[in-house]
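What follows is a set of notes on a single structure, which appears directly below.
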Amino acid sequence: MPAHITMWSYLWDLVDDGIDDVLHEMQDEIGLTALSLATHYHSVEHLRPHTEGPFIYRADSSLYFPPDLSRYRNTKIRHQIAPLAQRGNPLARVCERAASIGLEVVSWTLACHSSHLGQTYPECSQLNALGDRYPEALCPANPDVRGFLVGLVDDLTHNYGISVAELESCHYEPARHYHRHEKLPFDLGAVDQFLLALCFCEHCVAAGEGAGMDVRQLRASVAGSIGETMRRGTPAQGTVQGLVQRTTGLGKFLEARVNVVNSLIADIVKASAATVSPITGLESDSSGLGVAEVIGITGSVTITAYSADKSTVRQSIGAAAKAAGGVERLRVGYHAFPPIMPDRESLLRVIAASLDEGVRSFSFYNYGIAPKPCLKWVRDAARLIHDRVG
């Protein structure tokens with residue numbers, strides 16, 4: 001199997017630096033066989049150490065292409081289009097130019113993480129046990145969210161020649177993600193984070209009741225536990241696993257969440273003209289999505305091995321490969337700049353260890369954020385992969 005080497009990238013960097021120039025750099029200088037392009041992305045503010053545009057780039061949660069509205073018939077959701085895609089269709093230009101030189105395009109697609117959509121359609125966002133909405137977290141059980149995501153992947157894979165739809169956050173939000181300057185009275189522990197991540201919107205309640213449980217009683221229990229933490233002023237003790245075992249109905253509720261996520265991904269797969277590869281970890285307790293649960297639906301998953309320690313990376317790959325039924329089903333992502341990846345030698349050691357584990361699909365983070373010297377690290381890593389695999 002030939003190596004697949006890609007790099008997560010932002011469309012605005014390609015536009016500012018020149019689409020043809022960046023594609024040439026990716027293919028001929030770095031040695032990539034593909035690029036993974038953000039097509040629907042969350043709000044972002046980041047430094048750009050080597051691009052021609054503004055040094056600091058800011059963007060709201062947006063689509064980076066003009067949507068084909070005929071694909072979104074089963075949802076009321078209408079997303080905003082990024083300014084750079086209102087002036088034309090640079091995604092189409094990238095896909096056309098990439099195809100002409102034999103460079104594969106992967107759609108790096110955010111799913112349930114969108115602060116703009118959560119604020120525009122608050123009824124589509126997650127609702128915790130205390131009645132608080134999370135505007136950045138769309139609920140995967142909500143019919144409009146599901147219709148939007150199915151339409152999104154349908155649109156991208158049929159209209160742009162995308163080879164892989166890589167889905168990030170296609171699940172429940174596993175922990176509170178604050179978008180403003182958070183003020184916390186104490187560090188929330190794993191149990192409290194888990195309880196606050198449970199969604200009790202009407203659609204999640206219906207999913208739980210469909211599994212034969214009393215969701216309202218469970219919600220009262222969860223709300224009571226969170227309230228006790230707040231009254232005590234210290235995080236809850238113990239483990240999430242212990243909490244699940246001693247809380248009536250919680251295990252069934254988590255199974256219902258897994259079924260919600262699995263059925264959503266199955267619907268997306270049916271609508272997609274390309275391989276669907278969710279980005280996920282091994283555990284599904286908090287998110288409803290795990291390698292073992294979803295691999296039979298998609299046949300491919302993406303995991304992140306963001307570590308400079310080769311033993312840690314090998315353990316992550318080995319555990320994920322076991323859950324997936326083979327390393328050939330994995331796409332593995334690596335961080336390519338400090339502080340997570342401190343130097344070139346560390347990256348090469350991690351890639352060599354991954355090759356020893358049988359990895360053949362490599363993704364590097366991130367073209368627009370990594371300083372120029374770190375892009376040379378990726379170049380050397382790509383050369384190692386090509387030398388070992390071809």
Side-chain (T75) to main-chain (Y72) donor-acceptor, under 3.5 angstrom: no

T33 side-chain N/O to I5 backbone N/O, donor-acceptor pair under 3.5 Å: yes

Set of ring-ring contact (aromatic ring centres under 6.0 Å, His included) partners for H4, sequence neighbours left out: none

Common cluster, I279/V106, ILVMFWY with side-chain heavy-atom separation under 4.5 Å: no

Joint hydrophobic cluster, L14 plus I162, side-chain heavy atoms closer than 4.5 Å: yes

Heavy-atom check, side chain of I77 versus side chain of C124, under 4.5 Å: yes

Residues clustered with I81, ILVMFWY side-chain links under 4.5 angstrom: none

Ring center gap for H46 and Y10 short of 6.0 angstrom: yes

Residue pair I265 / C170: nearest heavy atoms and the distance that separates them: CG1-SG, 4.0 Å

R383 side chain near L348 side chain, heavy-atom distance below 4.5 Å: no

Expected output: side-chain T247 to main-chain V244 donor-acceptor under 3.5 Å: no

H40 and H79 aromatic ring geometry - parallel, tilted or perpendicular at 30°/60° bounds: perpendicular

Cluster link V240 to L282, ILVMFWY, side chain under 4.5 Å: no

Side chains of P54 and D16 in contact at under 4.5 Å (non-hydrogen atoms): yes

N/O donor-acceptor pairs under 3.5 Å from side chains in residues 327-334, not counting sequence neighbours:
residue, atom, partner, partner atom, Å
R329, NH1, A324, O, 3.1
Y334, OH, S354, OG, 2.8

Hydrophobic cluster partners of L47 (side-chain heavy atoms under 4.5 Å): F55, I56

side-chain contact (heavy atoms from CB on, under 4.5 Å) evaluation trace for T39 with W108: CA-CA 6 Å; T39 53; W108 175 21; 5.8 Å; no

Listed partners of R58 passing salt bridge (Lys or Arg N to Asp or Glu O under 4.0 Å), at least two apart: E45

Side-chain touch D155/F65, heavy atoms, less than 4.5 angstrom: yes

Aromatic centroids of Y367 and W8 separated by under 6.0 Å: no

Side-chain donor or acceptor of T280 paired with backbone N/O of L289 under 3.5 Å: yes

Side chain T6, main chain S36, donor-acceptor under 3.5 Å: yes

Side chain R257, main chain S286, donor-acceptor under 3.5 Å: yes

Pairing residues for R146 by the salt bridge (Lys or Arg N to Asp or Glu O under 4.0 Å) criterion, not counting sequence neighbours: D267

Gap separating the CZ atom of R48 from the CG atom of D17, nearest 0.5 angstrom: 7.0 Å

Test item: S346 side-chain N/O and R344 main-chain N/O as donor-acceptor pair under 3.5 Å: no

Test: E25 and R379 ion pair at under 4.0 Å: no

Contacts of type ring-ring contact (aromatic ring centres under 6.0 Å, His included), residue Y365, not counting sequence neighbours: H335

V258-L198 co-clustered via ILVMFWY side chain contacts under 4.5 Å: no

Where at least one partner belongs to residues 89-117, residue pairs that pass salt bridge (Lys or Arg N to Asp or Glu O under 4.0 Å), sequence neighbours excluded: D20-R97

Flag, side chain of R360 to backbone of A3, donor-acceptor distance under 3.5 Å: no

Min side-chain heavy-atom separation L218-T248 under 4.5 Å: no

Ring pair (Phe, Tyr, Trp, His ring centres under 6.0 Å): pairs with one or both residues in residues 248-267, sequence neighbours excluded: F200-F253

I351 vs F364 side-chain heavy atoms within contact, under 4.5 Å: yes

Flag if over 12 foreign heavy atoms under 6.0 Å of CG, N74: no

Salt bridge flag under 4.0 Å for residues R388 and D356: yes

Results of salt bridge (Lys or Arg N to Asp or Glu O under 4.0 Å) for R232 - residues two or more places apart only: E228

Heavy-atom side-chain contact between L384 and D380 under 4.5 Å: no

All side-chain hydrogen bond (donor to acceptor under 3.5 Å, both in side chains) counterparts of Y172, not counting sequence neighbours: none

Path from V164 to V105 over hydrophobic side-chain contacts below 4.5 Å: no

Output field: ring centroids Y64/Y41 closer than 6.0 Å: no

Donor-acceptor under 3.5 Å (T239 side chain, G242 main chain): yes

Flag for D60-S43: side-chain donor and acceptor within less than 3.5 Å: no

Donor-acceptor contact below 3.5 Å, side chain Q126 vs main chain E173: yes

Hey, can you pull the donor-acceptor pairs under 3.5 Å for the side chains in residues 138-145, sequence neighbours left out?
residue, atom, partner, partner atom, Å
N142, OD1, D144, N, 2.9
N142, OD1, V145, N, 3.3
N142, ND2, E123, O, 3.4
D144, OD1, K76, N, 2.9

Salt-bridge present (K376, E29; N to O < 4.0 Å): no

